[in-house]
Protein chains: 2
Amino acid sequence: MTTNSGAVSNRGQSSDSVRQHNLTTVLRLVHLNRKILRSQLTAITGLNRSTVLALISELEELGLVVESESQGSSGVGRPSLMVAPNENVVAFSVNPEIDATTVSVVTLSGQVIDRRRKLMGSHPSPEDAIRVSAEVISEMRKAFRPGTQIAGVGVSVPGQVRTSDGVIRYAPQLGWVESAFATALSQETGLNVFLGNDASLGCLAEARFGTAKNVNDLVFLFAGSGGIGGGVVSNGMTVGGAAGYAGELGHMKVSSSGRLDYSGLPGTLESLVRREDLLDFFKLYVATDEELAAEIRSSESSRAKRLIHDQLDSLAEGLSNLVNIFNPEVIVLAGFLTSLFEFDPDYLLSQVKKGSLAAAAERVVIRNGALGADLLVLGAAELPFDALISSPSSYSLKSA
Amino acid sequence: MTTNSGAVSNRGQSSDSVRQHNLTTVLRLVHLNRKILRSQLTAITGLNRSTVLALISELEELGLVVESESQGSSGVGRPSLMVAPNENVVAFSVNPEIDATTVSVVTLSGQVIDRRRKLMGSHPSPEDAIRVSAEVISEMRKAFRPGTQIAGVGVSVPGQVRTSDGVIRYAPQLGWVESAFATALSQETGLNVFLGNDASLGCLAEARFGTAKNVNDLVFLFAGSGGIGGGVVSNGMTVGGAAGYAGELGHMKVSSSGRLDYSGLPGTLESLVRREDLLDFFKLYVATDEELAAEIRSSESSRAKRLIHDQLDSLAEGLSNLVNIFNPEVIVLAGFLTSLFEFDPDYLLSQVKKGSLAAAAERVVIRNGALGADLLVLGAAELPFDALISSPSSYSLKSA
DNA sequence: ACCTATTTGTTGTTTAGGACAACAAGTATC
DNA sequence: GATACTTGTTGTCCTAAACAACAAATAGGT
């Protein structure tokens, strides 16, 4: 017998907060499931049928959900109505990269309905990215069908984001330092803007819509050309830290090697598991993850195999630590780590188990992420959607 | 601007759950503060005065709190009543060690009112510890004053505890494997029994009553003769992991050294920061933490200083990783790590900052724990108290 | 085709519990 | 001693969820 002390708020609850909580709970379920039967909502929430009816009616009046008759019968009895997010509710997703900025439109039901990628000079300033984002958003808004409601903008930042005020504290690859990105983009667009670290948002997306759906304890590791980022969900909540900088799993020291990572720290996971090393070996100049994956998959030379296994060993050392620290249910890999894993899944798992405590590792599963190119787009859009969902009746949606 | 997605339950709330939540909130505040004015309760909870009155009346009828007139005035206006936990509500704390088992009695107000340490043979079995604990508990119950109500038993385990069923999965120093400790001790005593990892409970205690009070993101590191354990609080919640094995921070690999820790893993924090190494150097056979601390404090030889700084360097490597992973507000040290830290606090902090990302480390504070010998006693007692507090009106207290 | 069992939607009523308002009680200041 | 201020206490109001009863829509059996 053991208890889990839940998150503590010290606030009391009145009937008003109950209503808010129930509206939030129903809307979240509709959002997460994309569509769900009313009968399932009553079953999951434990609320009375009549209460669920009232809640959905209110959400429908707010323009957040729509009901429709479900096709195909689900058994005896009067068929239940299907509840789905209102397709008119959308969010923008902004993804700044080193040479381009991508802006996408995501519906509350998780559909990516528009995406535009703007190439930029090789080292865009934050101001450049803000200007381009604002322009694209403005264009896109003009094309919206009438009645479209905008929840806000979510930005995935390849760097550290200060949660309290939406400032980009440091984005190494972009060279951005202390940029008040959220405030500035909010002024340009008149929309609510939310920032998040890219890997943390990827973690969020995989936990909500991807391979780690319904998993309460998970570790996410994401590796691209700019190094290794991570995200952690514990007790069903994102581990954010005091200021929002938590989850820098790539900068975990695992060896005494003097090799430096992109932030200048020696012997870290990021310094040992490197996309560049593989590209160099395969003599690929620039390559997509798919091209690299193909090379890895077809590797037969012992030199190639040794290199890949070395990388797997280093990855395993990092994952072992994370298993000891977090005892996750699932480890999710993304970016080129998926190719490494696929090359020899059993090897990676066995090495991880070897380097960690038997208890902590005994039920852990390693999986590749399921969201592919939509990972960061969906993750970033969750930020404004979260804000909307947590106060459905008072959140101010903006019209197109 | 950024949001923190809260913990998600999917359950709806009715007026009944509101009452439970409010009772829990008030009782928790009374417990955490040991005593608190009713006016402060209304201010903190945001509830109406009349509502707080009703809640406290119910808790008083349940025998959980008592009200008294506050001494000394606190300003203009009618003086507010003081609310305190009922001293008749207690929990047992059981702390098995390698050569003894200690049983303590803790009141809901956090007073340790009795403590008995039973020496045991050098390698007691779980059954031995259960039998001895049950005997001591039985004796102690006879001495209770009439009306005493028992919330249950909390056990601090120097090893891995499976949360779901209260089984000790593996306690290396004791040599215990897969022991259904909670079930057995519950049968012997007729009380609810809860288990927790010792370091995790120490973390909990420091976060609630010690140096990290009101801190929502903290990392706790505890080192004794049996190695290094840890605990983490993130978003105000203990990081427990999928099965309860999270927080094994001592087994984090930080170097390529082949030196093994007590669980056989190489190059880990525990293998490099060792109480034994210091004892050997100072030629102390067995020593209390105080004796070791005195030796460290008075070290003047350059060899001693080098050894201590080496240990500090290794400790810093581990802490740097934890800073990058958790971005904590506070790091709390306990056990002999306090002596290491006190030897050169600035050095440890600067080494931690050197090995971690500037952003993640910029506001971190390192502190020694404040609870000393009561650490595990208070921590373990929190387990039954948590169960009581989370359902005040339906929890079944046992009488003496 | 009709009847029954089953499930869900809908409507009207009840009820639990927090908010609110009004007043009493006790303290500090002038 | 008068006033202002804060808190305790009591009675009433109000919100929102539960409940009960009935209607609607389906599947399966005869």
Side-chain angles (χ1 to χ4, degrees), chain A residues 9-27 35-62 65-83 391-394, chain B residues 9-27 35-62 65-84 392-394:
Chain A
S9 81
N10 285 341
R11 298 297 302 177
Q13 288 185 333
S14 61
S15 47
D16 203 53
S17 59
V18 172
R19 183 62 163 199
Q20 290 309 311
H21 175 267
N22 286 344
L23 283 172
T24 294
T25 303
V26 168
L27 183 55
K35 56 182 187 178
I36 184 169
L37 292 172
R38 227 158 87 173
S39 57
Q40 293 177 338
L41 286 173
T42 67
I44 296 171
T45 60
L47 294 168
N48 192 280
R49 278 211 301 281
S50 57
T51 307
V52 173
L53 165 65
L55 292 168
I56 291 175
S57 302
E58 185 167 342
L59 291 174
E60 209 160 8
E61 275 173 32
L62 289 166
V65 308
V66 290
E67 275 189 312
S68 60
E69 296 187 358
S70 59
Q71 4 262 50
S73 77
S74 53
V76 211
R78 180 172 175 174
S80 194
L81 295 177
M82 188 62 80
V83 188
S391 49
S393 59
S394 60
Chain B
S9 81
N10 285 340
R11 297 298 301 178
Q13 287 185 334
S14 61
S15 48
D16 204 51
S17 60
V18 171
R19 183 64 163 196
Q20 291 309 311
H21 175 267
N22 287 344
L23 283 172
T24 294
T25 302
V26 168
L27 182 55
K35 57 182 186 179
I36 185 170
L37 291 172
R38 227 159 87 172
S39 57
Q40 292 177 341
L41 286 172
T42 67
I44 296 171
T45 60
L47 294 169
N48 192 279
R49 278 210 301 280
S50 57
T51 307
V52 173
L53 165 66
L55 293 168
I56 292 175
S57 301
E58 185 166 345
L59 291 174
E60 210 162 5
E61 276 174 33
L62 289 165
V65 306
V66 289
E67 273 190 312
S68 59
E69 296 188 358
S70 60
Q71 1 264 49
S73 75
S74 54
V76 213
R78 180 174 176 174
S80 193
L81 295 177
M82 187 64 79
V83 188
S393 59
S394 59

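Chain letters run A, B, ... following the sequence lines, proteins first, then strands; residues in each count from 1. Bear in mind the structure is a predicted one, so any value in this text is a computation, not a measurement.
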Would you tabulate the nitrogen or oxygen pairs shorter than 3.5 Å linking the protein to nucleotides 15-17 of chain C?
none

Residues passing the side-chain contact (heavy atoms from CB on, under 4.5 Å) test with A/Val18, sequence neighbours excluded, are A/Asn22, B/Gln13, B/Val18

Rounded to whole Å, the CG-P distance (A/Leu47 to D/dT15) equals 20 Å

inquiry  = Between A/Ser80 (side chain only) and A/Leu37 (backbone N and O only), is there a donor and an acceptor less than 3.5 Å apart?
reply    = no

NE2 of B/His21 to CG of B/Leu55, rounded to nearest 0.5 Å, is 11.0 Å

Checklist entry - Would you say B/Leu81 and B/Glu69 make side-chain contact, with heavy atoms under 4.5 Å? => result yes

Taken to the nearest whole Å, CG/A/Leu23 to P/D/dT15 is 15 Å

**Study point:** N or O in side chain of B/Arg38 less than 4.0 angstrom from D/dG8 OP1/OP2
**Key:** yes

note: A/Ile56, atom CD1; D/dA17, atom C1'; distance rounded to Å ~ 15 Å

Residue pairs meeting salt bridge (Lys or Arg N to Asp or Glu O under 4.0 Å), one or both in residues 38-50 of chain B, sequence neighbours left out, come to B/Arg38-B/Glu67

Residue set satisfying side-chain contact (heavy atoms from CB on, under 4.5 Å) with B/Glu58, at least two apart, ordered chain then number -> B/Arg19, B/Leu23, B/Leu62, B/Ser393

Residues passing the side-chain contact (heavy atoms from CB on, under 4.5 Å) test with B/Asn10, sequence neighbours excluded, are A/Arg28, A/Leu29, A/Ile44, B/Val8

Note to self: Please determine whether a side-chain nitrogen or oxygen atom of A/Ser80 lies at a distance below 4.0 Å from atom OP1 or OP2 of C/dG9.
What the structure shows: yes

Requested in this report: Please determine, by modelled atom types, if A/Ser14 and A/Asp16 share a side-chain donor-acceptor pair under 3.5 angstrom.
Outcome: no

B/Glu60 CD to D/dG8 C1', in whole Å, measures 13 Å

In 5'-to-3' order, the base (B), backbone-only (S) or no-contact (-) status of each nucleotide in nucleotides 20-30 of chain D, using a 4.0 angstrom heavy-atom cut-off, is -B-BBBBS---

Here the distance between atom P of C/dG26 and atom CG of B/Leu81, to the nearest Å, is 11 Å

Rounded to whole Å, the CD-C1' distance (B/Glu69 to C/dT27) equals 13 Å

Among the nucleotides C/dG9, C/dG18, D/dT9, whichever has the atom closest to the side chain of B/Leu55 is C/dG18

Taken to the nearest whole Å, CD1/A/Ile36 to C1'/C/dT8 is 15 Å

Rounded to the nearest 0.5 Å, the CG atom of B/Leu27 sits from the CG atom of B/Leu41 at a distance of 10.5 Å

B/Leu53 CG to C/dA25 C1', in whole Å, measures 14 Å

